[in-house]
Amino acid sequence: MREVVIYLLEVIVCSGVLAALYSLLIERRVDFLFARMFLLLSVVLSAVIPMINIPVWEAAIVPELAQAAVGEVSAEVVAEVTTGFNYATLLWAVYGVGVALCVGSFVLQMVNVLRIRRAGQMTRFEGIAVVRSQQNIASFSLFNTIYIGNNTADVDLPTIVAHERSHISHHHSVERVIMEFFKALLWWNPFVWIASRRLVEAHEFEADSDVIGSGCDAKQYVTTLLKHLFGYSPEIANGLHNSLTKKRLKMILKTNSGRYALLRKIAVIPVVGILFTLFSFTTKQAVAQDV
């Protein structure tokens, strides 16, 4: 039980360090692909690093008889614990409930999207599959399909398709599904949920950048965003209105120079190395022969 608590704390510490690194050096300062990969890998590394045991430090020499005595005491303690309340079972039960709730939420979102798809009218616009829904939904995309609500004006359609085409071309939906998988496994880690929100922001930043880079007027684009702010859009999907925050508007209306991007990327390496040193390097086992 003690080992489990230590592992959970180490995972949260690793996640917190990597989240702080993202905020200080990466967010809106390097290319979007690196930012997206960092967010996904940071979730994996924070869970894996504390699991790894690399024996590098010399351990204190322990006589064999003393070690045997310690082993006997440990066995007695374990025997006493097993006769009482089983906290491990309770812990796994709580964990399983959390995983089930996250998976259930994901499945429900996918079912809602399927309902919209079946009830809507499938068309194609500029080579992209578009579902015209009769419901009041916000425009969004999932994998290779764009979903348009009944309140979408034809004049806004090219802008919406351009935005969602960016999501599709960069395979953002695949990354969202992968992050949902991590959220289900590591639901108890608050930094995983933070990483998920930041991944959504990175996706929207990238789509916005692609649309503006294609020649769309920034102010007109913001107006389109505001017009499509309301309506149903599943969290798993990439929506035109998703994460419409103050910093996103700043990203649209202001060019970011991205200075020292390479140095910021390189700075990630020593930080990850420090985390390995703190949480993966362990002591070597050394047992002295009893005289």
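Any value given below was found using the heavy atoms of this structure, including those in side chains, with hydrogens, waters and symmetry copies removed. Because the structure is a prediction, the values reported are computed rather than measured. Positions are given from 1, in the same order as the sequence printed here.
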Can any side-chain N or O of [X] pair as donor or acceptor with the backbone N or O of [Y] at less than 3.5 Å?
X      : Y      : result
Ser209 : Phe205 : no
Trp193 : Lys183 : no
Ser105 : Cys102 : no

### Message
Surrounding CH2 of Trp92 (heavy atoms of other residues, nucleotides or ligands, distance under 6.0 Å), is the total greater than 12?
### Response
no
### Task
Give a yes or no on whether Tyr95 atom OH has more than 12 heavy-atom contacts from other residues, nucleotides or ligands under 6.0 Å away.
yes
### Query
Roughly how far, to the nearest 0.5 Å, is the CD atom of Glu10 from the OG atom of Ser280?
8.5 Å
#### Entry: CD1 on Ile194 to CG on Leu199, rounded to 0.5 Å
13.5 Å
### Query
Could you give all pairs that pass the side chain to side chain donor-acceptor pair (under 3.5 Å) test and reach residues 121-130, with sequence neighbours left out?
Glu126-Arg165
### Pairwise side chain to side chain donor-acceptor pair (under 3.5 Å) hits with a residue in residues 12-21, at least two apart
Ser15-Ser46, Ser15-Asn189
### Message
Parallel, tilted or perpendicular: which one describes the rings of Tyr147 and Phe140, with boundaries at 30° and 60°?
### Response
parallel
### Task
Could you label the plane-to-plane angle of the His172 and His170 rings as parallel, tilted or perpendicular, counting under 30° as parallel and over 60° as perpendicular?
parallel
### Message
Please determine whether a side-chain nitrogen of the Lys or Arg among Glu201 and Arg198 lies less than 4.0 Å from a carboxylate oxygen of the Asp or Glu.
### Response
no
